Undergrad: 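Once you've had a glance at the structure underneath, I'll fire off some questions.
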There are 2 protein chains.
Amino acid sequence: MAVSLKDIAERAGVSLATVSNVVNGYRPVGERTRQRVQQAVDELGYSPNLGARHLRRGRTGLIALAVPELNNPYFAELAEIAISEAAALGYTLVMENTAADRDAELALLGGSRRHIIDGLILSPVRIGREEVLSRTAGSPLVLIGEGVYDVPHDHIAIDNVAASHAAIQHLVAIGRRRIAFIGATPGGDRQSAHLRVRGYREALAAAGLPYRPRLVARTDAFGRPDGMRAMRELLALGDPPDAVFAYNDLVAIGALRALTEAGHRVPRDVAVVGIDDIEEGRFSTPTLTTIAPDKREIGRLAVRRLIARIEGTQVAAPLTVQTPFRLVRRESTGTAGE
Amino acid sequence: MAVSLKDIAERAGVSLATVSNVVNGYRPVGERTRQRVQQAVDELGYSPNLGARHLRRGRTGLIALAVPELNNPYFAELAEIAISEAAALGYTLVMENTAADRDAELALLGGSRRHIIDGLILSPVRIGREEVLSRTAGSPLVLIGEGVYDVPHDHIAIDNVAASHAAIQHLVAIGRRRIAFIGATPGGDRQSAHLRVRGYREALAAAGLPYRPRLVARTDAFGRPDGMRAMRELLALGDPPDAVFAYNDLVAIGALRALTEAGHRVPRDVAVVGIDDIEEGRFSTPTLTTIAPDKREIGRLAVRRLIARIEGTQVAAPLTVQTPFRLVRRESTGTAGE
DNA sequence: GCGCGACTCTATAACGTTATACAGACGATG
DNA sequence: CATCGTCTGTATAACGTTATAGAGTCGCGC
């Protein structure tokens, strides 16, 4: 079971160090010995003990991706991309679930996994700039999502304000005037929800539409039930909206369901736009118009940048990258004909 | 940054071994020294280096959950449960994605992660009994899902045949006669798809309905697009079905979409039943009737059993556990009134 | 024939932890 | 007063790896 370098060394009749050199290619080894060692490795089925290697090298080969909800399809899709990118670069990516819990985010930031993990990709939702700044330097950190800016770490995000603009402009272009927003959060001011609200307000202004605070619905979380609840509240308003822009696709799908149950037609009575472009929105009834971030780009960039930091090949200043997005029109805002 | 036992020992003026004993409570330590050591630990913010501990103890405290698709909500929901259960027991669970790839499953079985992981929970889809049997004993293994039986490992699953029965009986009870199945796989004979087909056939027979091979649709995978494609094929048949039982909820949702696009009414023209009870099915239009496995039970049981094996407290014979399920009626088979 | 670099390979000291064996002090016991 | 056990604490050898320093051997130029 436990076959170690020592076993190989004995079998091949060479020293420990030589085997190590063959396995790692760290130093040149004569062709004859190399072959003998390689044969022993194959025969005994040796694989290096990563724990020991870590202890010696100070690196584990593990990186973590910490997200606020594992079963938000957006993060699941992102994770799948990140995992394969990490694998391609020789790292193993482990998922960590913060459950949108402030303490969990702080613990990760503080290095609770410090000895296990070479670096961390974090999607923060409950912590802000100060908390990140107060981090006592640990392993490399890459931020994704839009919560925190102006910190000395790499940061990958879409331009939330611009994304909101695009959504609102689209709704205005199809003739909507009373446009609601679902998914504002009570606290947090550099949070992405806040940014999306800001984009919403700016775009309304640009279109010459009034900003009606009653059309901005708060939610505690960002799941389907939250969208459904908020939509019901909006419908209970004396003068309900004729369009809804949701914090994300899950919220939008909750809203869709509330509309259907209440007997409203989508998009005729109310048009709906989400963000994330999860697969579910391509199969819902009606299908969901959405702002599609480039998940592939986000996942790959985050992993590459983190690994570059870990390996120290790139000591350049931290960079904030804004990845592209596009508007995907589907039934919930009327297809071509409508 | 790197504060080790040695630093604590110096600070507290005791030996390395004593600090270790305080930290682990392995041996009694005098009250006075204990306090001095504890204080040093707190002041310097020591946390043990898990790699080194592993090297010494032979355990990492990591367990893996390997699933065929990370972004199938069923597995995402299961993962969330398993992660918190593992955390409660002092383990960290890492997700592994086999991508329904035979080689990936074999690699895990063969112990590709052997040095990193204390144990593995695997949901196999491409390998069968023989492959599992040929495993050269490695770390403990718990199987979930329904692919493989009669192997010397713990195995947690629902009774697929019984689940299929329940679904078909329900469809028969609401008056359906031409019931299709979507999600048969070409190969594999102990695979869960096969078992579900068997339950489908048996239940048809029990209800006195004929088995029509043309109503069994094959799919390459088990996602929304597969369900959609298969449903279209069924609709193209001269005499289409009046009900569909799908391999899982995702496939069912794909079928739902195909039906909607083709202008069929659900459940009036065609009723649909899935398996998994993912949240998406509670918000789809129409909402989806489904066989709901007890995900909480599955996740917790799998983790507990694996950890019991790892810690050797339970050397009893491997056990196959069938967890309960129930039928959840929703709109896709007609609600109470229909 | 001697010195020197180039080329292979080896011996060994870490990395941070835990388990084992042992040492010293102190009462109690014969 | 010798003997024994108990109670604390320490020294040290692993665990499997890699990096460093160094030891041979060979060929080549002077």
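If you're wondering where the values come from, they're calculated on a predicted model, not measured in any experiment. Proteins come first, then strands; the chains are lettered A, B, ... in the order of their sequence lines, and each starts at number 1.
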Undergrad: Check B:Ala86 against B:Leu93 and note the closest heavy-atom contact, atom names and distance.
TA: CB-CB, 4.0 Å

Undergrad: Measure the distance from NE2 on A:His115 to P on C:dG16 and round it to the nearest whole Å.
TA: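 Checked: the NE2 to P distance equals 9 Å.
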
Undergrad: Report the distance from atom CD1 of A:Ile116 to atom P of C:dG16, rounded to the nearest whole Å.
TA: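 Taking atom P of C:dG16 as the reference, CD1 of A:Ile116 is at 16 Å.
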
Undergrad: For residues 87-109 of chain B, which residue pairs qualify under salt bridge (Lys or Arg N to Asp or Glu O under 4.0 Å), counting only residues two or more places apart or in two chains?
TA: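 Those involving residues 87-109 of chain B are B:Glu96-B:Arg113, B:Arg102-B:Glu131.
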
Undergrad: Can you tell me how far C1' of C:dG16 sits from CD of B:Glu10, to the nearest Å?
TA: 14 Å

Undergrad: Donor-acceptor pairs are to be reported for all side-chain atoms of residues 25-35 of chain A against protein atoms at under 3.5 Å, with residues two or more places apart or in another chain.
TA:
| unit_1 | atom_1 | unit_2 | atom_2 | d |
| --- | --- | --- | --- | --- |
| A:Glu31 | OE2 | A:Gln35 | NE2 | 3.3 |
| A:Thr33 | OG1 | A:Gly30 | O | 3.1 |

Undergrad: Distance check: side-chain N/O of B:Thr18 vs OP1/OP2 of D:dT10, anything under 4.0 Å?
TA: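 So the side-chain polar atoms of B:Thr18 do come within 4.0 Å of the phosphate oxygens OP1 or OP2 of D:dT10, strictly under.
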
Undergrad: If a pair satisfies salt bridge (Lys or Arg N to Asp or Glu O under 4.0 Å) and one of its residues is in residues 70-82 of chain A, list it, with sequence neighbours excluded.
TA: A:Glu77-A:Lys295

Undergrad: As a test of reading the structure: which of C:dC9, C:dG16, D:dG9 is closest to the side chain of B:Leu55, going by heavy atoms?
TA: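 From the listed options, C:dG16 comes nearest.
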
Undergrad: Taking salt bridge (charged side-chain N to carboxylate O under 4.0 Å, His left out) as the test, write out the residues that go with B:Arg11, two or more places apart.
TA: B:Glu43

Undergrad: Under the salt bridge (charged side-chain N to carboxylate O under 4.0 Å, His left out) test, which residues partner A:Arg300, sequence neighbours left out?
TA: A:Glu85

Undergrad: Would you check if A:Leu319 and A:Arg305 make a side-chain contact, meaning some heavy-atom pair closer than 4.5 Å?
TA: yes

Undergrad: With sugar-phosphate meaning primed atoms plus P, OP1 and OP2, does B:Ser4 contact a base, only sugar-phosphate, or nothing at under 4.0 Å between heavy atoms?
TA: sugar-phosphate

Undergrad: Taking atom P of D:dA19 as reference, at what distance in whole Å does atom CZ of A:Arg59 sit?
TA: 10 Å

Undergrad: In whole angstroms, how far is the P atom of C:dC15 from the NE2 atom of A:His54?
TA: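 Roughly 14 Å, once rounded to whole Å.
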
Undergrad: Given axes from five pairs at either end, by how many degrees does the helix from C:dG1-D:dC30 to C:dG30-D:dC1 bend, rounded to 10°?
TA: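 One end's axis against the other's: 70°.
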
Undergrad: Nearest-Å distance, CZ (A:Arg36) to C1' (C:dC9)?
TA: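 After rounding, the gap between these two atoms is 11 Å.
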
Undergrad: What is the per-nucleotide protein-contact pattern of nucleotides 18-24 of chain C, from the 5' end, where B denotes a base atom under 4.0 Å from a protein heavy atom, S denotes such proximity for sugar-phosphate atoms only, and - denotes neither?
TA: BBBB---

Undergrad: For A:Ala79, check side-chain contact (heavy atoms from CB on, under 4.5 Å) against everything at least two apart and list the hits.
TA: A:Leu65, A:Met95, B:Leu70

Undergrad: Could you state the atom-to-atom distance from CZ of A:Arg114 to C1' of C:dG16 in whole Å?
TA: 14 Å

Undergrad: Report the distance from atom CD of B:Glu31 to atom P of D:dG9, rounded to the nearest whole Å.
TA: 10 Å

Undergrad: Can you list the residues that meet the side-chain contact (heavy atoms from CB on, under 4.5 Å) rule with A:Ala12, with sequence neighbours excluded?
TA: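 side-chain contact (heavy atoms from CB on, under 4.5 Å) check on A:Ala12 returns A:Val14, A:Val37, A:Ala40.
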
